[in-house]
Student: 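My questions will all concern the structure given below.
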Amino acid sequence: MPEIVTGNFAPFGLTLWPPSFLRVVDWNIDRGQQLQAVIDFLASIKADILILQEVDLNARRTQRLNIAEEIARKLEMNYVFGREFEELVQGSKTSPAYHGQAIVARWPISNPRLIRFSRQSHFWRPHWYLPRIEPFQERLGGRIALVAEINVAGAELVIYNLHLESRGNDELRLSQVEEVLSDAVRLGPKRPVIVAGDFNVDASKDAVASAFARDGFQDAITVPHTPTTPSRGLFEPGRRIDWAFIRGPIRAGTGRVHDKVKASDHYPISFTLAAA
């Protein structure tokens, strides 16, 4: 299977007129295991751009569906999927299963590519002494950023869709952030850019926050102290680990964490985007 899969389902005529603003959703959808609830929420919010993590393709747990394609087809949008891992427990040698990130948009998507981070935890690597059963989640591959350009009626917007390592430490996650930022810096300060995803770290603090500020990025959500994951009990409160940052001649508004949506183990975050 190729590392990148694409599909186009958006009606052509809708792409000709520039909108006054775009609505963007970033969401770790937990493989799409509650797919109909995911689609229902995304349809209700009428988003123009979806930045999705933990997206399955041909996995047993999600009925062998191409989850990104199902979402794009139902919402009449275009999509690009980037392969992060082969899920060894979820497929077979003749019918492998994959897991990764997707960017879905009402507008044409071009030049998709992957940044496969040079530093990985290798936590998910298979070992001979571990059985091939679900709790161990043995995988081949590594964490990525999926990068693509969206042509919004002639204006190019660059999206970086991140899923930073959950099993490493903050130093590892910072190194993955720095790889993305060093790539984005080459685009120049006047190119509109969104960097969003599941960071597995509080990006408002310490070195990660400093790195984004240094390179001219601003938090698109600005909802302080609002968790993006549910509480798992008295001693494990919700965490703010899903983020979206913007840079360039654009401004964000109406940032929100949708903490009533129960279709995943993360809450969706959304914001509007307009010319500065």
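Atom set for the values below is all heavy atoms of this structure, side chains included, hydrogens, waters and symmetry mates excluded. Numbering starts at 1 and runs along the sequence shown.
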Student: Given 3.5 Å as the limit, does a donor-acceptor pair link the side chain of Ser92 with the main chain of Ser95, or not?
Tutor: yes
Student: For Ser264 and Asp30, does a side-chain donor sit closer than 3.5 Å to a side-chain acceptor?
Tutor: no
Student: Under 4.5 Å between side-chain heavy atoms, counting indirect links through other Ile/Leu/Val/Met/Phe/Trp/Tyr residues: same cluster for Met77 and Ile49 or not?
Tutor: no
Student: Using a 6.0 Å cut-off, check whether atom CD of Glu156 has over 12 heavy atoms from anything other than its own residue.
Tutor: yes
Student: If you define the side chain from C-beta out and look only at heavy atoms, does anything of Gln33 sit under 4.5 Å from Thr62?
Tutor: yes
Student: How close do Phe271 and Ile221 get, counting heavy atoms only, and between which atoms?
Tutor: CD2-CD1, 3.7 Å
Student: Taking Arg143's backbone N and O only, do any of them form a donor-acceptor pair with Gln120's side chain (distance below 3.5 Å, no angle check)?
Tutor: yes
Student: State the CG-OG1 distance between Asp242 and Thr229, to the nearest 0.5 angstrom.
Tutor: 7.5 Å
Student: Using the side-chain contact (heavy atoms from CB on, under 4.5 Å) criterion, which residues pair with Arg60? Sequence neighbours excluded.
Tutor: Arg64, Gln90
Student: For Ser118, is there any backbone N or O sitting under 3.5 Å from a side-chain donor or acceptor partner on Glu179?
Tutor: yes
Student: Measure the CG-CG distance between Asn28 and Asp265 for me, rounded to the nearest 0.5 Å.
Tutor: 6.0 Å
Student: Sub-3.5 Å donor-acceptor pair from the side chain of Arg83 to the main-chain atoms of Met1, do we have one?
Tutor: yes
Student: So, does Asn78 use its side chain to make a donor-acceptor pair with the main chain of Val104 at under 3.5 Å?
Tutor: no
Student: For the residue pair Leu65 and Glu70, what are the closest heavy atoms and their distance?
Tutor: CD2-OE2, 4.0 Å
Student: Run through Arg31, Arg61, Gln63 and flag the one making a side chain to side chain donor-acceptor pair (under 3.5 Å) with Asp56.
Tutor: Arg61
Student: Using side-chain hydrogen bond (donor to acceptor under 3.5 Å, both in side chains), reason through Asp198 and Gln53 one step at a time and then give a plain yes or no.
Tutor: CA-CA 7 Å; Asp198 179 355; Gln53 303 85 47; over 6 Å; no
Student: Does the side chain of Leu42 reach to within under 4.5 Å of the side chain of Ile71, using non-hydrogen atoms?
Tutor: yes
Student: Would you kindly confirm whether Leu114 and Val147 end up in one hydrophobic cluster when ILVMFWY residues are joined by side chain heavy atoms under 4.5 Å apart?
Tutor: no
Student: State, with a plain yes or no, whether a side-chain heavy atom of Ile159 is found less than 4.5 Å away from one of Ile150.
Tutor: yes
Student: For Val180 and Asp183: C-alpha separation, side-chain torsions, deciding distance, then whether side chain to side chain contact (heavy atoms under 4.5 Å, CB included) applies.
Tutor: CA-CA 5 Å; Val180 169; Asp183 190 275; 5.7 Å; no
Student: Using 0.5 Å steps for rounding, measure from the CG atom of Asn58 to the NE2 atom of His99.
Tutor: 14.5 Å
Student: Which residue in the set Glu165, Arg173, Arg167 passes side chain to side chain donor-acceptor pair (under 3.5 Å) when paired with Ser121?
Tutor: Glu165
Student: Please check if Phe81 and Ile4 belong to a single hydrophobic cluster, counting links between Ile, Leu, Val, Met, Phe, Trp and Tyr side chain heavy atoms closer than 4.5 Å.
Tutor: no
Student: Backbone N or O of Val195 within a donor-acceptor pair of the Trp243 side chain at under 3.5 Å?
Tutor: no
Student: Measure the shortest side-chain to side-chain distance between Trp107 and Val152 over non-hydrogen atoms and say whether it is less than 4.5 angstrom.
Tutor: yes
Student: Charged N to carboxylate O under 4.0 angstrom, Arg106 versus Asp48?
Tutor: yes
Student: Mind checking the CZ-CZ spacing from Arg186 to Arg191? Nearest 0.5 Å is all I need.
Tutor: 12.5 Å
Student: With hydrophobic residues grouped by side-chain heavy-atom distances under 4.5 Å, do Leu50 and Ile29 end up in a single group?
Tutor: yes
Student: Without hydrogens or angle criteria, can the side chains of Asp40 and Gln36 be said to hold a donor-acceptor pair below 3.5 Å?
Tutor: yes
Student: Go through it in stages, so that I can follow the logic: the residues are Phe245 and Ile194, the test is side chain to side chain contact (heavy atoms under 4.5 Å, CB included), and I'd like the CA-CA distance, side-chain angles, deciding distance and then a yes or no.
Tutor: CA-CA 6 Å; Phe245 291 88; Ile194 301 174; over 6 Å; no
Student: In Å and rounded to the nearest 0.5 Å, what is the CG to CG distance from Leu174 to Asn169?
Tutor: 10.0 Å
Student: Run the side chain to side chain contact (heavy atoms under 4.5 Å, CB included) check on Val80 and Val5 step by step: do they pass?
Tutor: CA-CA 6 Å; Val80 57; Val5 179; over 6 Å; no
Student: Could you list the donor-acceptor pairs under 3.5 angstrom formed between side-chain atoms of residues 205-216 and any protein atom two or more places apart in sequence or on another chain?
Tutor:
unit_1 : atom_1 : unit_2 : atom_2 : d
Ser210 : OG     : Asp206 : O      : 3.2
Arg214 : NH1    : Glu178 : OE2    : 3.1
Arg214 : NH2    : Glu178 : OE1    : 2.8

Student: So, for Trp27 and His266, which heavy atoms are closest and what is the spacing to 0.1 Å?
Tutor: NE1-O, 2.9 Å
Student: So do Pro227 and Pro237 actually touch side chain to side chain, heavy atoms under 4.5 Å?
Tutor: no
Student: Would you check if the side chain of Arg251 reaches a backbone N or O of Ala275 as a donor-acceptor pair within less than 3.5 Å?
Tutor: yes
Student: Restricting to non-hydrogen atoms, name the atom on Ile144 and the atom on Arg116 that form the minimum distance, rounded to 0.1 Å.
Tutor: CG2-NH1, 3.5 Å
Student: Mind listing the closest non-hydrogen atom pair of Ile103 and Ala148 along with its distance?
Tutor: CD1-CB, 4.0 Å
Student: Assess whether side chain to side chain contact (heavy atoms under 4.5 Å, CB included) is satisfied between Phe9 and Glu69, documenting all intermediate values.
Tutor: CA-CA 9 Å; Phe9 301 101; Glu69 182 169 299; 3.8 Å; yes
Student: Could you state the interatomic distance from CZ (Phe117) to OG (Ser175), rounded to the nearest 0.5 Å?
Tutor: 8.5 Å
Student: For the residue pair Glu54 and His163, establish whether any side-chain heavy-atom pair is separated by less than 4.5 Å.
Tutor: yes
Student: Do Val24 and Tyr160 sit in one hydrophobic cluster, given that two such residues count as connected whenever their side-chain heavy atoms are within less than 4.5 Å of each other, even indirectly?
Tutor: no
Student: Within the side chain of Glu84, is there an N or O that forms a donor-acceptor pair under 3.5 Å with the backbone of Gly142?
Tutor: no
Student: Is there a donor-acceptor pair under 3.5 Å between the side chain of Arg139 and the backbone N or O of Tyr98?
Tutor: no
Student: Any donor and acceptor pair, going by atom type alone, linking the side chain of Asp26 with main-chain N or O of Pro268 inside 3.5 Å?
Tutor: no
Student: Answer yes or no: is there a side-chain heavy-atom contact under 4.5 Å between Val25 and Ile51?
Tutor: no
Student: State, with a plain yes or no, whether a side-chain heavy atom of Lys93 is found less than 4.5 Å away from one of Leu88.
Tutor: no
Student: Where is the tightest heavy-atom contact between Ala102 and Asn161, given as atom of each residue plus distance?
Tutor: O-ND2, 3.0 Å
